[in-house]
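Convention: sequence-line order gives letters A, B, ...; per-chain numbering from 1.
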There are 4 protein chains.
Amino acid sequence: MKAIVVKPPRPGAEITEVQRTPGKGPVLVRIVENGICGTDREIVNGTFSGARAPPGEDYLILGHEAIGVVEKIEGKVEDLEVGDLVMPVNRRGCGHCLNCLVGRPDFCETGNFVEAGMIGMHGFMVEHFYDDPKYLVKVPKAIADIAILAQPLSDLEKSVEEILAVQRRVPVWTCDDGTYNCRTAVVIGSGAIGTLITLLLKTYGFRVIVANRRDPTPREKEIFFGVGAKWYNSANGYEELAKETGGVDLIFDTTGRVDVVKSVFPALRTNGVLGLFGFSEAERAEFTSADLKQLIYKNAAVVGLINGQKPHFQQALVHLAAWKAMWPDVASKLITKVVKIDDRDAVLDVLKHRSPGEIKIKISWQ
Amino acid sequence: MKAIVVKPPRPGAEITEVQRTPGKGPVLVRIVENGICGTDREIVNGTFSGARAPPGEDYLILGHEAIGVVEKIEGKVEDLEVGDLVMPVNRRGCGHCLNCLVGRPDFCETGNFVEAGMIGMHGFMVEHFYDDPKYLVKVPKAIADIAILAQPLSDLEKSVEEILAVQRRVPVWTCDDGTYNCRTAVVIGSGAIGTLITLLLKTYGFRVIVANRRDPTPREKEIFFGVGAKWYNSANGYEELAKETGGVDLIFDTTGRVDVVKSVFPALRTNGVLGLFGFSEAERAEFTSADLKQLIYKNAAVVGLINGQKPHFQQALVHLAAWKAMWPDVASKLITKVVKIDDRDAVLDVLKHRSPGEIKIKISWQ
Amino acid sequence: MKAIVVKPPRPGAEITEVQRTPGKGPVLVRIVENGICGTDREIVNGTFSGARAPPGEDYLILGHEAIGVVEKIEGKVEDLEVGDLVMPVNRRGCGHCLNCLVGRPDFCETGNFVEAGMIGMHGFMVEHFYDDPKYLVKVPKAIADIAILAQPLSDLEKSVEEILAVQRRVPVWTCDDGTYNCRTAVVIGSGAIGTLITLLLKTYGFRVIVANRRDPTPREKEIFFGVGAKWYNSANGYEELAKETGGVDLIFDTTGRVDVVKSVFPALRTNGVLGLFGFSEAERAEFTSADLKQLIYKNAAVVGLINGQKPHFQQALVHLAAWKAMWPDVASKLITKVVKIDDRDAVLDVLKHRSPGEIKIKISWQ
Amino acid sequence: MKAIVVKPPRPGAEITEVQRTPGKGPVLVRIVENGICGTDREIVNGTFSGARAPPGEDYLILGHEAIGVVEKIEGKVEDLEVGDLVMPVNRRGCGHCLNCLVGRPDFCETGNFVEAGMIGMHGFMVEHFYDDPKYLVKVPKAIADIAILAQPLSDLEKSVEEILAVQRRVPVWTCDDGTYNCRTAVVIGSGAIGTLITLLLKTYGFRVIVANRRDPTPREKEIFFGVGAKWYNSANGYEELAKETGGVDLIFDTTGRVDVVKSVFPALRTNGVLGLFGFSEAERAEFTSADLKQLIYKNAAVVGLINGQKPHFQQALVHLAAWKAMWPDVASKLITKVVKIDDRDAVLDVLKHRSPGEIKIKISWQ
């Protein structure tokens, strides 16, 4: 059976044959397509330090974004039939801590969760895999073209859910019409994550400003202005933004850069929240005690955001469907490239290199 | 200016000319279409006891479901432009109680709210009206065909939000995958409200069973089975349902009949919730202290549900968009008739009589 | 080892010797005192239908209210030492449903929980028992005199917690000073439960009116007026109350009588909540669909309330301590009688008959 | 009328006569005692930059911690009588933003709130003042000796409430017995605030470790060990703490020092939360992008905490009462000094200098 295989921590990936159908459970899934994200490339390029093969195995099947077709079901499984389109949830719980027991390994406290295609569990870049229906999300066929985005979007659904949970600390954080329409969010970064979170925050009713250190490309204009978001060129920092807006209520960082966070932080308004989503390593910034004081005087909160679970996949699919209907021109721009699994060179190339303007690249197995 | 006018408490409605453009605020809206619901008919038939004209006026313009086009804006209004499609929120607050001040007159404590086309405020069955942007919800043009449903759906969005708020009293009411997929909801009644709440509860991930005292019509089969719901013929009560399901977690009543509620109540499982949405008057049922005891032993909750506000209109539009993309065949069946405002007899007829199989009837002004 | 033993469903109780120290776990507890409540008497009188001995045993040690001293600890147990005063939690989870796994068997969904001294688990009217520290609540020695009340109070702590959780469905249910000081609660019944919930609701800041079908006794006056509560004589129903108060926000019923609930229900204000705590069986009342309509128009909620768990025991102890300091005269009236375990006749008598004016009777083992 | 008066931004304070009784409202309060805190001293020493007199006045009456006696009431005021002991709430809302309208100026969004004795409103170090009952909290006479602590404690009640609100983002943050007993909190700093928050977190059920860069004094041992807290000498940083505890779940900083926060942050466990309460200015610390990454991987949250409102004053009084009963030896150590208002030199001295080991110093007016 064909699979895309890596051997962490060594860099490199190959499309090869594996002997055993990975996974376990009563449902046999035939892969239809995979999505590729930055973490896949870090694994292939040997820079994702956490990557490891399943216990006792010397290779790892890559891939945590996938859509497949249910090919066989052993026994009776409620709510699932042969022929259904499904998407597997990628992080699986430790089986012990309370959050994992209630189906929320995004808050696993033991750290013993596994992640498909990344940490201790085979991924889904493989012809077939077995799975438990508990981890399979039904995909509406009418939105199959963009449904692969539900995996990265699930992380953001969880992020917005968590941000709103944190903000319930404020007695009233909604506007005088009960909505979030008067609240301004700034999204730092206009890549794939910046794009999806912008659409999502607009869907929740926020005013959204996308910030990057340059002017938008024509495609970015079509997408961001098409959903009613604005653009802010942050080449000269965020002072101008703070002045124009009178302060922002929500900062969503997709860069992970501490220097960027430091420069944008003064733009936060009273009762505001800063969500951290992106990863970086090397940058440095000096903070003073006066910065902490500002956090206090502003009633501010900062929260680290990671991983969506099954409820977030399901909500991501609902939102993708809504976007396809509401913003058809924007939705059609979200999949920026499809390569066929048989086109070996193209597949290995997209696994190594990010394309300019890339939002989501799919590998098609059909 | 043409309008549909009633003079409560007298029965009857007429399509006539009114002198003054109703409403106030910087936005002039030209009506595009209205929806009709049971309350409109109760007002026209003189059976809705709360109906009354605005203070100092002797007539009431009917209509609380409407879509219009922004024709003029006085001054600067953020987030709204001439040409935008908008839907007005129908209940407006008392201006004094805390819930109204925070934009949530669905929980008005003084009772001094007004409702467009019903209670003390002109409605939207009129060529033009003025409004405040605070009460106008932007409608995505791509879903204009079904967007009128956002008004009735807003009441249900609020209802599900409130039900889930009530259920947060249970430490864990989600399933072991974090979703509601293992929770069974039964919807009592398969009319317009029964239809919309079924689609909505499916969207939230519940298993849904629609109950009525007969078998489904072909159209009902297409709609309910099309979204993955089941049907229960309750002609012989709800004992069978309780047995088959092992108990239901959520009962959503759209009938308002106390005898029906009494018969379905024993089917409720531990930690379950009963939402009351429909209105009725005359039926009677005897309860015993042992019934209260069951409520206690089951940790059950009962909650009265009414009126959605602006955040619920916005979420209704997102869900309608999702349904249009996910379930195109079902979505296309939700508008069961359109009559033109110039077809006076047809308009007055649909204002008086419910059509068999009716889900939503629209009056088109174009 | 001496114990008070019952053999349900047979009526009767005896003070006798048992062979085996009941319970399991690393902590050996020597009993100091027990409290007696209505359920104990129902078991002794053979009217509590759910009573049953532990699996495989033919008797049941009675008692679910207890304070003991830690006599021995096997191995290392954090936060507990020999000599500590402890109170055992009486309901223990099924070990399977999610609520039991997170320590909240008050919301057990399987129904397979056990209750000490009642349902399938030996109680604490016994010289010694073993237990797991997970189920032992440390009792501050300085309030040992009234600490036994923490068991019944725990049920009410959980009840208020659940009521406030339900009320979070209302965007703003607090007053314009952020407290509950403007909210009126009526407590139906002035027995032990009525007394404790009155003190608790006062502690939360509510205005509290205690209702009974007669004037208060001198002792009731001292207690209820001593904590700032009022009294309502409900001999002629609740219309007068509704008029005087303009409606109440919270009704807490301790009677379980459906006829009483029906008569008090119209006094509920918009956004109000009715908590059901008491048990009864036989009474009847007729409700109409118009009653359901009132529930809807009032945005009302009804919730069944039962069983407190360890967090509620701990909070109950904090509140008892506060009452002892704030209201020393009232606190000193809450224990209405103490009988010694060696006074066999007195013990058996209080196990069968409620004393007039009784709030809490203790059996002392020292 | 005698008052303690300052003229910010000038340093210095004097005990002098003022002409007009400050405040407004139907309740005349005669002062009984004031508490002194660090902010008072900053104002007196001219280092609190925000201090300012009420609009149109050239002096500011100092004092935001006060207990008085109701001397006269104009008209009818519910829940308050002449002779009652009361404590005024010190921050008053802007009257415009939604949080202030619902009685929560601790989350004021306009910044136009005033604070008694600090920012634009006369304080309570004055013989008499008028006030609105909305801002007066009834003090149980039985705990009058320590009740002054309710003002600083109210800030901490609000802080813990907000921290727990933030932690509701985690599906399960309670232990497997439903309590916080398995959660470890570390309090940075052992001054007045460190002392009160330690008692409060113990009351909530947390394991608490107090950290300071030295060993505890005998008095600190009595207090902290007396309530079951532990001590950590942080002279060599927090690595040892992280190792011993396996990570802490809650860090409560009372120092405001960014360098301290940086050094303790690595001790935070997954799903943990860092609350910032103290103020400092000058210290510096360098953070890297890898630190942000840790925040994300740990699902951590950081939250700025400030100001309690009326509900928190009321809960503070309940907790003080509980502590007085549960921990009488500890409670008796919380008031470290009382000076009489007639002892002018002593008063001016305590207004300028912190005493060693000081927890709370009171000025008595009787």
Side-chain angles (χ1 to χ4, degrees), chain B residues 97-99 101-104 106-111 161-163 165-166 168-176 253 255-259 261-262 269-271 274 276-306, chain C residues 97-99 101-104 106-111 161-163 165-166 168-176 253 255-259 261-262 269-271 274 276-306:
Chain B
C97 80
L98 297 183
N99 286 302
L101 290 178
V102 303
R104 295 298 302 276
D106 45 334
F107 287 100
C108 176
E109 296 208 356
T110 62
E161 180 185 291
E162 187 171 351
I163 283 171
V166 164
R168 258 173 243 128
R169 71 196 170 94
V170 184
V172 190
W173 200 58
T174 43
C175 310
D176 72 354
D253 176 66
T255 70
R257 297 184 55 130
V258 71
D259 52 340
V261 165
K262 184 179 161 66
R269 279 185 68 225
T270 295
N271 299 342
L274 163 62
L276 300 172
F277 190 89
F279 296 135
S280 191
E281 285 280 349
E283 301 82 10
R284 296 169 177 281
E286 197 181 65
F287 287 80
T288 69
S289 292
D291 291 320
L292 294 189
K293 194 173 176 174
Q294 279 312 303
L295 259 161
I296 296 175
Y297 273 123
K298 281 182 174 173
N299 278 316
V302 181
V303 59
L305 303 166
I306 199 166
Chain C
C97 80
L98 297 184
N99 286 302
L101 290 177
V102 302
R104 294 300 302 277
D106 45 335
F107 287 100
C108 175
E109 295 207 359
T110 62
E161 179 185 291
E162 186 171 352
I163 283 170
V166 164
R168 258 173 243 130
R169 70 196 171 94
V170 184
V172 190
W173 200 58
T174 42
C175 309
D176 71 355
D253 176 67
T255 70
R257 297 185 54 129
V258 72
D259 51 342
V261 166
K262 184 179 162 66
R269 277 186 70 226
T270 295
N271 299 341
L274 162 62
L276 301 172
F277 191 88
F279 295 135
S280 190
E281 286 280 349
E283 302 81 10
R284 294 167 181 282
E286 196 181 65
F287 287 80
T288 69
S289 293
D291 291 320
L292 294 189
K293 194 172 175 174
Q294 279 312 304
L295 260 162
I296 296 175
Y297 273 122
K298 282 182 174 172
N299 277 318
V302 181
V303 59
L305 303 165
I306 199 165

Legend entry - disulfide bond (SG atoms under 2.5 Å apart) partners for Cys175(B), two or more places apart: Cys182(B)

Legend entry - Top contributor to chain C interface from Leu295(B), Ile163(B), Leu292(B) [non-hydrogen pairs under 4.5 Å]: Leu292(B)

Inset, instruction - Could you check which of Val172(C), Thr110(C), Ile306(C), Asp176(C) has the highest count of heavy-atom pairs closer than 4.5 Å to chain B? - result: Val172(C)

Legend entry - chain B contacts, top residue of Gly111(C), Ala165(C), Ala300(C), Ala282(C) (heavy-atom pairs, under 4.5 Å): Ala300(C)

Inset, instruction - Measure the spacing between CZ of Arg284(B) and CG of Asp291(C) and express it to the nearest 0.5 Å. - result: 9.0 Å

Legend entry - Spatial distance of atom CG (Leu305(B)) from atom CG (Asn299(C)) [nearest 0.5 Å]: 8.0 Å

Inset, instruction - Quick one: closest heavy-atom pair of Glu109(B) and Trp173(C), and the distance? - result: OE2-CD1, 4.2 Å

Inset, instruction - Let me know if Asp106(C) has heavy atoms under 4.5 Å from chain B in its side chain, its backbone, both or neither. - result: backbone

Legend entry - Spacing of Tyr297(C) atom OH and Phe279(B) atom CZ [to the nearest 0.5 Å]: 4.0 Å

Inset, instruction - For chain B, find which of Lys298(C), Arg269(C), Arg168(C) contributes the most heavy-atom pairs closer than 4.5 angstrom. - result: Arg269(C)

Inset, instruction - For each of Asp259(C), Thr255(C), Val166(C), Asp253(C), tally heavy-atom pairs with chain B at distances under 4.5 Å, and name the one with the top tally. - result: Val166(C)

Inset, instruction - Would you name the heavy atoms of Pro171(C) and Val102(B) that are closest together and state the gap between them? - result: CB-CG2, 4.3 Å

Inset, instruction - Determine whether Val303(C) and Arg169(B) make a side-chain contact, defined as any pair of heavy atoms from C-beta on separated by less than 4.5 Å. - result: yes

Inset, instruction - Only counting residues at least two apart or in another chain, list the ones meeting side chain to side chain contact (heavy atoms under 4.5 Å, CB included) with Leu274(B). - result: Ile251(B), Val261(B), Phe265(B), Leu276(B), Val302(B)

Legend entry - Greatest number of heavy atom pairs closer than 4.5 Å to chain C - which of Gly103(B), Ser280(B), Cys108(B): Ser280(B)

Legend entry - Under 3.5 Å side-chain donor-acceptor pair for Ser289(B) and Glu281(C): no

Legend entry - Part of Thr174(C) lying under 4.5 Å from any heavy atom of chain B: backbone

Inset, instruction - Measure the acute angle between the ring planes of Phe287(C) and Phe287(B), then classify it against the limits of 30° and 60° as parallel, tilted or perpendicular. - result: perpendicular

Legend entry - Inter-residue atom distance Asn99(B).CG - Thr270(C).OG1, 0.5 Å rounding: 10.0 Å

Inset, instruction - To the nearest 0.5 angstrom, please state how far the CG atom of Asn271(B) sits from the SG atom of Cys97(C). - result: 8.0 Å

